[in-house]
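Accompanying notes for the structure given below.
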Number of protein chains: 2
Amino acid sequence: MISGKFAITLHILTLLSKFPDEFLSSDFLAGSMNLHPVLIRKEIANLKKHHIVESKEGKNGGTKLLRPAENISLDDIFKLTFERVTLGYSKNDPNPDCPVGKNINKKLDELYIDINDKISKELRGISLTEFSNKF
Amino acid sequence: MISGKFAITLHILTLLSKFPDEFLSSDFLAGSMNLHPVLIRKEIANLKKHHIVESKEGKNGGTKLLRPAENISLDDIFKLTFERVTLGYSKNDPNPDCPVGKNINKKLDELYIDINDKISKELRGISLTEFSNKF
DNA sequence: ACATTTGTAATGTATTTTATTACAGTATGA
DNA sequence: TCATACTGTAATAAAATACATTACAAATGT
(Lines give C-alpha, C1' and ligand atoms only; values in the text may rest on other atoms or scores of the structure.)
Protein backbone atom coordinates (compact mmCIF):
# COMPACT_ATOMS: atom_id res chain seq x y z
CA MET A 1 0.00 0.00 0.00
CA ILE A 2 0.79 3.71 -0.01
CA SER A 3 0.70 4.80 -3.59
CA GLY A 4 2.78 7.89 -3.02
CA LYS A 5 5.55 5.78 -1.48
CA PHE A 6 8.22 6.72 -3.99
CA ALA A 7 7.36 10.43 -4.01
CA ILE A 8 7.12 10.60 -0.24
CA THR A 9 10.33 8.68 0.29
CA LEU A 10 12.20 10.80 -2.24
CA HIS A 11 10.86 13.93 -0.59
CA ILE A 12 12.02 12.71 2.82
CA LEU A 13 15.46 11.82 1.51
CA THR A 14 15.81 15.14 -0.30
CA LEU A 15 15.16 16.98 2.94
CA LEU A 16 17.55 14.73 4.86
CA SER A 17 20.23 15.34 2.26
CA LYS A 18 19.91 19.09 2.86
CA PHE A 19 20.84 18.62 6.53
CA PRO A 20 23.06 15.55 6.50
CA ASP A 21 24.30 16.07 10.04
CA GLU A 22 21.02 16.73 11.81
CA PHE A 23 18.31 14.45 13.07
CA LEU A 24 15.09 15.76 11.51
CA SER A 25 11.80 14.96 13.23
CA SER A 26 8.89 13.27 11.50
CA ASP A 27 6.86 16.32 12.42
CA PHE A 28 9.19 18.64 10.57
CA LEU A 29 9.27 16.35 7.55
CA ALA A 30 5.50 15.99 7.60
CA GLY A 31 5.23 19.77 7.61
CA SER A 32 7.06 20.07 4.32
CA MET A 33 4.86 17.60 2.53
CA ASN A 34 1.69 18.24 4.47
CA LEU A 35 1.10 14.66 5.49
CA HIS A 36 0.49 12.98 8.78
CA PRO A 37 3.70 12.31 10.75
CA VAL A 38 2.68 8.70 11.32
CA LEU A 39 2.76 8.10 7.60
CA ILE A 40 6.22 9.64 7.43
CA ARG A 41 7.42 7.36 10.20
CA LYS A 42 6.09 4.37 8.31
CA GLU A 43 8.14 5.28 5.27
CA ILE A 44 11.13 5.93 7.49
CA ALA A 45 10.70 2.44 8.93
CA ASN A 46 11.10 1.14 5.41
CA LEU A 47 14.22 3.22 4.86
CA LYS A 48 15.71 1.96 8.10
CA LYS A 49 15.05 -1.61 7.13
CA HIS A 50 17.22 -1.00 4.09
CA HIS A 51 19.94 0.83 6.03
CA ILE A 52 19.48 4.11 4.18
CA VAL A 53 18.77 6.13 7.31
CA GLU A 54 19.01 5.84 11.09
CA SER A 55 16.66 7.23 13.70
CA LYS A 56 17.12 8.36 17.24
CA GLU A 57 14.25 8.17 19.69
CA GLY A 58 13.55 10.59 22.51
CA LYS A 59 13.90 14.30 22.82
CA ASN A 60 15.77 15.93 19.93
CA GLY A 61 15.42 12.64 18.15
CA GLY A 62 14.70 12.23 14.47
CA THR A 63 16.18 10.71 11.36
CA LYS A 64 19.33 11.24 9.31
CA LEU A 65 21.04 9.66 6.33
CA LEU A 66 23.35 6.75 6.97
CA ARG A 67 25.43 7.30 3.85
CA PRO A 68 26.32 10.15 1.51
CA ALA A 69 23.52 11.23 -0.82
CA GLU A 70 26.00 10.77 -3.62
CA ASN A 71 25.91 7.03 -3.02
CA ILE A 72 22.14 6.73 -3.17
CA SER A 73 20.56 6.53 -6.62
CA LEU A 74 16.95 7.13 -7.51
CA ASP A 75 16.90 3.51 -8.59
CA ASP A 76 17.74 2.48 -5.04
CA ILE A 77 14.73 4.47 -3.89
CA PHE A 78 12.60 3.04 -6.67
CA LYS A 79 13.43 -0.54 -5.72
CA LEU A 80 12.77 0.24 -2.09
CA THR A 81 9.32 1.64 -2.72
CA PHE A 82 8.00 -0.27 -5.71
CA GLU A 83 7.41 -3.92 -6.21
CA ARG A 84 7.15 -3.16 -9.89
CA VAL A 85 5.71 -0.48 -12.13
CA THR A 86 2.85 -1.87 -14.20
CA LEU A 87 0.37 -0.55 -16.67
CA GLY A 88 -2.25 -2.47 -14.72
CA TYR A 89 -3.98 -5.80 -14.85
CA SER A 90 -7.58 -6.70 -15.35
CA LYS A 91 -8.87 -7.19 -11.85
CA ASN A 92 -10.41 -10.63 -12.04
CA ASP A 93 -8.82 -13.88 -13.05
CA PRO A 94 -9.32 -14.16 -16.78
CA ASN A 95 -11.08 -17.11 -18.37
CA PRO A 96 -8.68 -20.08 -18.48
CA ASP A 97 -10.63 -21.61 -21.34
CA CYS A 98 -9.75 -18.71 -23.62
CA PRO A 99 -6.28 -18.91 -25.19
CA VAL A 100 -5.84 -15.19 -24.69
CA GLY A 101 -7.34 -15.11 -21.20
CA LYS A 102 -5.20 -18.04 -20.13
CA ASN A 103 -1.93 -16.30 -20.94
CA ILE A 104 -2.58 -12.59 -20.85
CA ASN A 105 -1.18 -11.98 -17.39
CA LYS A 106 2.03 -13.80 -18.13
CA LYS A 107 2.51 -11.79 -21.31
CA LEU A 108 1.73 -8.55 -19.53
CA ASP A 109 4.27 -9.48 -16.88
CA GLU A 110 6.95 -9.95 -19.50
CA LEU A 111 6.15 -6.57 -20.98
CA TYR A 112 6.17 -4.87 -17.61
CA ILE A 113 9.49 -6.42 -16.66
CA ASP A 114 11.00 -4.87 -19.79
CA ILE A 115 9.53 -1.52 -18.85
CA ASN A 116 10.91 -1.75 -15.33
CA ASP A 117 14.36 -2.48 -16.69
CA LYS A 118 14.20 0.72 -18.72
CA ILE A 119 13.03 2.73 -15.74
CA SER A 120 15.75 1.31 -13.53
CA LYS A 121 18.38 2.08 -16.12
CA GLU A 122 17.19 5.67 -16.28
CA LEU A 123 17.01 6.09 -12.50
CA ARG A 124 20.35 4.43 -11.87
CA GLY A 125 21.97 7.42 -13.55
CA ILE A 126 20.54 9.95 -11.11
CA SER A 127 21.95 10.30 -7.60
CA LEU A 128 20.06 11.73 -4.67
CA THR A 129 22.61 14.55 -4.67
CA GLU A 130 21.84 15.38 -8.27
CA PHE A 131 18.11 15.39 -7.59
CA SER A 132 18.50 17.34 -4.37
CA ASN A 133 20.59 20.00 -6.10
CA LYS A 134 17.59 20.99 -8.18
CA PHE A 135 16.14 22.67 -5.10
CA MET B 1 -10.50 6.15 -13.41
CA ILE B 2 -10.18 2.49 -14.32
CA SER B 3 -6.73 1.40 -13.36
CA GLY B 4 -6.73 -1.69 -15.55
CA LYS B 5 -7.48 0.44 -18.61
CA PHE B 6 -4.35 -0.47 -20.54
CA ALA B 7 -4.55 -4.17 -19.74
CA ILE B 8 -8.24 -4.37 -20.51
CA THR B 9 -7.90 -2.40 -23.72
CA LEU B 10 -4.97 -4.50 -24.87
CA HIS B 11 -6.91 -7.66 -24.05
CA ILE B 12 -9.89 -6.43 -26.06
CA LEU B 13 -7.72 -5.51 -29.04
CA THR B 14 -5.87 -8.81 -28.91
CA LEU B 15 -9.16 -10.66 -29.18
CA LEU B 16 -10.37 -8.38 -31.96
CA SER B 17 -7.15 -8.97 -33.85
CA LYS B 18 -7.81 -12.70 -33.76
CA PHE B 19 -11.10 -12.22 -35.61
CA PRO B 20 -10.48 -9.13 -37.73
CA ASP B 21 -13.57 -9.62 -39.86
CA GLU B 22 -16.14 -10.32 -37.18
CA PHE B 23 -18.08 -8.06 -34.86
CA LEU B 24 -17.45 -9.40 -31.36
CA SER B 25 -19.98 -8.63 -28.64
CA SER B 26 -19.09 -6.99 -25.37
CA ASP B 27 -20.51 -10.05 -23.70
CA PHE B 28 -18.10 -12.36 -25.47
CA LEU B 29 -15.16 -10.07 -24.71
CA ALA B 30 -16.23 -9.75 -21.09
CA GLY B 31 -16.29 -13.54 -20.86
CA SER B 32 -12.62 -13.81 -21.76
CA MET B 33 -11.50 -11.38 -19.13
CA ASN B 34 -14.21 -12.05 -16.60
CA LEU B 35 -15.37 -8.47 -16.26
CA HIS B 36 -18.72 -6.80 -16.57
CA PRO B 37 -19.76 -6.08 -20.18
CA VAL B 38 -20.58 -2.48 -19.31
CA LEU B 39 -16.96 -1.89 -18.37
CA ILE B 40 -15.88 -3.39 -21.69
CA ARG B 41 -18.23 -1.09 -23.55
CA LYS B 42 -16.77 1.88 -21.72
CA GLU B 43 -13.29 0.99 -22.90
CA ILE B 44 -14.62 0.38 -26.38
CA ALA B 45 -16.14 3.87 -26.32
CA ASN B 46 -12.63 5.17 -25.76
CA LEU B 47 -11.27 3.10 -28.65
CA LYS B 48 -13.99 4.39 -30.93
CA LYS B 49 -13.24 7.95 -30.00
CA HIS B 50 -9.74 7.35 -31.30
CA HIS B 51 -10.88 5.55 -34.44
CA ILE B 52 -9.23 2.27 -33.54
CA VAL B 53 -12.43 0.23 -33.72
CA GLU B 54 -15.98 0.55 -34.94
CA SER B 55 -19.12 -0.86 -33.37
CA LYS B 56 -22.43 -1.97 -34.73
CA GLU B 57 -25.56 -1.80 -32.60
CA GLY B 58 -28.45 -4.21 -32.69
CA LYS B 59 -28.66 -7.93 -33.22
CA ASN B 60 -25.37 -9.55 -34.27
CA GLY B 61 -23.76 -6.26 -33.40
CA GLY B 62 -20.41 -5.87 -31.72
CA THR B 63 -17.01 -4.36 -32.32
CA LYS B 64 -14.20 -4.87 -34.83
CA LEU B 65 -10.86 -3.28 -35.66
CA LEU B 66 -10.89 -0.34 -38.04
CA ARG B 67 -7.33 -0.87 -39.21
CA PRO B 68 -4.84 -3.72 -39.49
CA ALA B 69 -3.33 -4.85 -36.18
CA GLU B 70 0.03 -4.37 -37.83
CA ASN B 71 -0.59 -0.62 -37.87
CA ILE B 72 -1.43 -0.36 -34.18
CA SER B 73 1.46 -0.16 -31.76
CA LEU B 74 1.37 -0.80 -28.04
CA ASP B 75 2.39 2.82 -27.67
CA ASP B 76 -0.82 3.86 -29.41
CA ILE B 77 -2.73 1.84 -26.83
CA PHE B 78 -0.60 3.25 -24.04
CA LYS B 79 -1.30 6.83 -25.06
CA LEU B 80 -4.98 6.05 -25.36
CA THR B 81 -5.28 4.62 -21.90
CA PHE B 82 -2.76 6.53 -19.83
CA GLU B 83 -2.46 10.17 -19.10
CA ARG B 84 1.01 9.39 -17.91
CA VAL B 85 2.81 6.72 -15.92
CA THR B 86 4.01 8.10 -12.62
CA LEU B 87 5.75 6.78 -9.57
CA GLY B 88 3.14 8.68 -7.55
CA TYR B 89 2.78 12.02 -5.86
CA SER B 90 2.30 12.90 -2.27
CA LYS B 91 -1.42 13.35 -1.96
CA ASN B 92 -1.69 16.79 -0.42
CA ASP B 93 -0.31 20.05 -1.68
CA PRO B 94 3.15 20.39 -0.19
CA ASN B 95 4.18 23.34 1.92
CA PRO B 96 4.88 26.32 -0.36
CA ASP B 97 7.12 27.88 2.29
CA CYS B 98 9.57 25.00 2.03
CA PRO B 99 12.00 25.21 -0.88
CA VAL B 100 11.69 21.48 -1.45
CA GLY B 101 7.91 21.38 -0.95
CA LYS B 102 7.43 24.30 -3.29
CA ASN B 103 9.11 22.58 -6.22
CA ILE B 104 8.88 18.87 -5.60
CA ASN B 105 5.91 18.22 -7.88
CA LYS B 106 7.46 20.06 -10.79
CA LYS B 107 10.68 18.09 -10.40
CA LEU B 108 8.80 14.82 -10.11
CA ASP B 109 6.90 15.71 -13.27
CA GLU B 110 10.14 16.24 -15.15
CA LEU B 111 11.39 12.87 -13.98
CA TYR B 112 8.16 11.13 -14.91
CA ILE B 113 8.14 12.69 -18.37
CA ASP B 114 11.56 11.18 -18.98
CA ILE B 115 10.29 7.81 -17.82
CA ASN B 116 7.28 8.02 -20.09
CA ASP B 117 9.49 8.78 -23.05
CA LYS B 118 11.43 5.60 -22.38
CA ILE B 119 8.26 3.57 -22.04
CA SER B 120 6.85 4.99 -25.26
CA LYS B 121 10.04 4.24 -27.10
CA GLU B 122 9.89 0.64 -25.94
CA LEU B 123 6.20 0.22 -26.77
CA ARG B 124 6.47 1.91 -30.14
CA GLY B 125 8.51 -1.05 -31.28
CA ILE B 126 5.79 -3.60 -30.56
CA SER B 127 2.79 -3.93 -32.86
CA LEU B 128 -0.54 -5.37 -31.82
CA THR B 129 0.14 -8.18 -34.30
CA GLU B 130 3.41 -9.01 -32.61
CA PHE B 131 1.76 -9.05 -29.19
CA SER B 132 -1.23 -10.99 -30.43
CA ASN B 133 0.99 -13.63 -32.02
CA LYS B 134 2.22 -14.65 -28.59
CA PHE B 135 -1.14 -16.34 -28.03
C1' DA C 1 -42.88 -7.71 -33.63
C1' DC C 2 -39.21 -9.78 -31.14
C1' DA C 3 -34.73 -10.93 -29.66
C1' DT C 4 -30.25 -9.18 -29.32
C1' DT C 5 -27.04 -5.92 -28.97
C1' DT C 6 -24.85 -1.15 -28.05
C1' DG C 7 -24.72 3.36 -25.29
C1' DT C 8 -24.84 5.59 -21.20
C1' DA C 9 -26.25 7.27 -16.76
C1' DA C 10 -27.05 6.37 -12.10
C1' DT C 11 -26.21 3.94 -8.11
C1' DG C 12 -24.19 0.45 -5.07
C1' DT C 13 -20.24 -2.20 -3.36
C1' DA C 14 -15.55 -3.29 -2.62
C1' DT C 15 -10.93 -2.10 -2.31
C1' DT C 16 -7.21 0.78 -1.47
C1' DT C 17 -5.10 4.68 0.48
C1' DT C 18 -4.55 8.09 3.81
C1' DA C 19 -5.65 10.17 8.41
C1' DT C 20 -6.27 9.87 13.13
C1' DT C 21 -6.08 8.17 17.70
C1' DA C 22 -3.85 5.95 21.22
C1' DC C 23 -0.30 4.68 23.87
C1' DA C 24 4.15 2.38 25.15
C1' DG C 25 9.01 3.22 25.04
C1' DT C 26 13.29 6.25 24.89
C1' DA C 27 16.45 10.09 25.34
C1' DT C 28 17.36 14.99 26.94
C1' DG C 29 17.93 18.51 29.97
C1' DA C 30 16.12 21.64 33.58
C1' DT D 1 14.21 12.62 38.46
C1' DC D 2 10.65 14.28 36.20
C1' DA D 3 8.50 16.88 32.41
C1' DT D 4 8.99 17.14 27.63
C1' DA D 5 9.71 15.86 23.02
C1' DC D 6 10.48 12.44 20.32
C1' DT D 7 9.98 7.45 17.86
C1' DG D 8 7.39 2.94 16.96
C1' DT D 9 3.49 0.62 15.97
C1' DA D 10 -1.17 -1.10 16.07
C1' DA D 11 -5.91 -0.28 15.56
C1' DT D 12 -9.55 2.15 13.68
C1' DA D 13 -11.89 5.65 10.86
C1' DA D 14 -12.50 8.29 6.83
C1' DA D 15 -11.92 9.33 2.10
C1' DA D 16 -10.95 8.27 -2.50
C1' DT D 17 -10.96 5.24 -6.27
C1' DA D 18 -12.23 1.34 -8.97
C1' DC D 19 -15.40 -1.89 -10.31
C1' DA D 20 -20.15 -4.09 -10.56
C1' DT D 21 -24.82 -3.81 -11.27
C1' DT D 22 -29.15 -2.11 -12.68
C1' DA D 23 -31.91 0.16 -15.76
C1' DC D 24 -33.51 1.54 -19.88
C1' DA D 25 -33.44 3.96 -24.47
C1' DA D 26 -32.11 3.20 -29.16
C1' DA D 27 -30.59 0.39 -33.03
C1' DT D 28 -30.64 -3.70 -36.08
C1' DG D 29 -31.39 -8.35 -38.02
C1' DT D 30 -34.73 -12.09 -38.80
Side-chain angles (χ1 to χ4, degrees), chain A residues 1-9 11-12 15-16 19 22-50 52-66 81-83 86-94, chain B residues 1-9 11-12 15-16 19 22-50 52-66 81-83 86-94:
Chain A
M1 291 180 204
I2 300 177
S3 88
K5 237 173 137 65
F6 174 83
I8 294 167
T9 300
H11 195 148
I12 291 170
L15 288 168
L16 294 183
F19 306 94
E22 295 177 39
F23 285 92
L24 303 182
S25 74
S26 63
D27 224 65
F28 171 80
L29 297 168
S32 171
M33 54 197 96
N34 198 12
L35 288 177
H36 204 278
V38 168
L39 182 56
I40 304 295
R41 295 208 285 272
K42 266 183 198 154
E43 293 314 318
I44 284 174
N46 185 42
L47 286 166
K48 281 195 309 187
K49 198 170 74 191
H50 293 274
I52 308 290
V53 304
E54 62 176 333
S55 293
K56 198 173 64 172
E57 296 187 26
K59 195 166 182 178
N60 304 327
T63 302
K64 71 190 271 297
L65 290 179
L66 260 181
T81 54
F82 262 89
E83 177 87 22
T86 80
L87 307 184
Y89 295 90
S90 177
K91 187 192 158 208
N92 301 325
D93 288 340
Chain B
M1 293 178 204
I2 299 176
S3 88
K5 238 173 136 66
F6 174 83
I8 294 167
T9 300
H11 194 147
I12 291 170
L15 289 168
L16 294 182
F19 306 93
E22 295 178 40
F23 285 92
L24 304 182
S25 75
S26 63
D27 223 65
F28 172 79
L29 297 168
S32 171
M33 54 199 96
N34 198 11
L35 289 177
H36 203 278
V38 168
L39 182 56
I40 304 294
R41 296 208 284 274
K42 267 184 199 152
E43 294 314 318
I44 285 174
N46 185 41
L47 286 167
K48 282 195 309 185
K49 197 170 74 190
H50 293 274
I52 307 290
V53 305
E54 61 175 332
S55 294
K56 200 173 63 171
E57 296 186 27
K59 195 164 181 180
N60 303 327
T63 302
K64 71 192 270 298
L65 290 179
L66 259 181
T81 54
F82 262 90
E83 178 86 22
T86 80
L87 307 184
Y89 295 90
S90 177
K91 187 193 158 208
N92 301 325
D93 288 340

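Order of the sequence lines sets the chain letters (A, B, ...), proteins ahead of strands, with each chain counted from 1. If you're wondering where the values come from, they're calculated on a predicted model, not measured in any experiment. For the numbers below, each heavy atom of this structure counts, side chains included, while hydrogens, waters and symmetry mates do not.
Atom C1' of nucleotide dG8(D) and atom CG of Asn46(A) are separated by 14 Å, given to the nearest angstrom. If you take CG of Leu39(B) and P of dT8(C), they are 15 Å apart, rounded to a whole angstrom. To the nearest angstrom, P of dC6(D) lies 18 Å from NZ of Lys64(A). Here the P atom of nucleotide dT20(C) and the CG atom of Asp27(A) are 12 Å apart, to the nearest Å. When the C1' atom of dT17(C) is taken as reference, atom CG of Leu35(A) falls 12 Å away, rounded to whole Å. Residue Leu29(A) contributes atom CG, which lies 12 Å from atom P of dG8(D) at whole-angstrom precision. Here dT5(C) presents its P atom at 15 Å from CD1 of Ile40(B), a figure rounded to the nearest Å. We find that NZ of Lys42(A) is positioned 8 Å from C1' of dT18(C), with the value rounded to whole Å.
Put simply, OG1 on Thr9(A) and CD1 on Ile52(A) are 10.0 Å apart, with the number rounded to the nearest 0.5 Å. To the nearest 0.5 Å, atom CD1 of residue Ile8(B) and atom NZ of residue Lys42(B) are 10.5 Å apart.
Of the two residues near DNA chain C, Asn34(A) and Ser55(B), the one whose nearest nucleotide lies more 5' is Ser55(B). Checking Ala45(B) against Lys91(B), the closest nucleotide of DNA chain C that is more toward the 5' end is the one next to Ala45(B).
Evaluation of the side-chain contact (heavy atoms from CB on, under 4.5 Å) rule for Tyr89(A) yields Arg84(A), Thr86(A), Asn105(A), Leu108(A), Asp109(A), Tyr112(A) as partners, not counting sequence neighbours.
Counting heavy atoms from C-beta outward, Ile44(B) and Leu29(B) have side chains that approach closer than 4.5 Å. Ile40(A) places none of its side-chain heavy atoms less than 4.5 Å from the side chain of Glu43(A). At a threshold of 4.5 Å between non-hydrogen side-chain atoms, the residues Arg41(B) and Val38(B) count as touching.
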Output side-chain donor-acceptor pairs under 3.5 Å for residues 54-66 of chain B, partner residues at least two apart or in another chain, one line each.
{"from": "Ser55(B)", "atom 1": "OG", "to": "Thr63(B)", "atom 2": "OG1", "distance (Å)": "3.0"}

(request) Summarise how protein sits on nucleotides 22-30 of chain D as a single string, 5' to 3': B when a protein heavy atom is under 4.0 Å from the base, S for sugar-phosphate-only contact, - for no contact. (result) B---BBBBS
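Residue-level contact check: Thr63(B) touches neither bases nor backbone, having no heavy atom under 4.0 Å from any strand.
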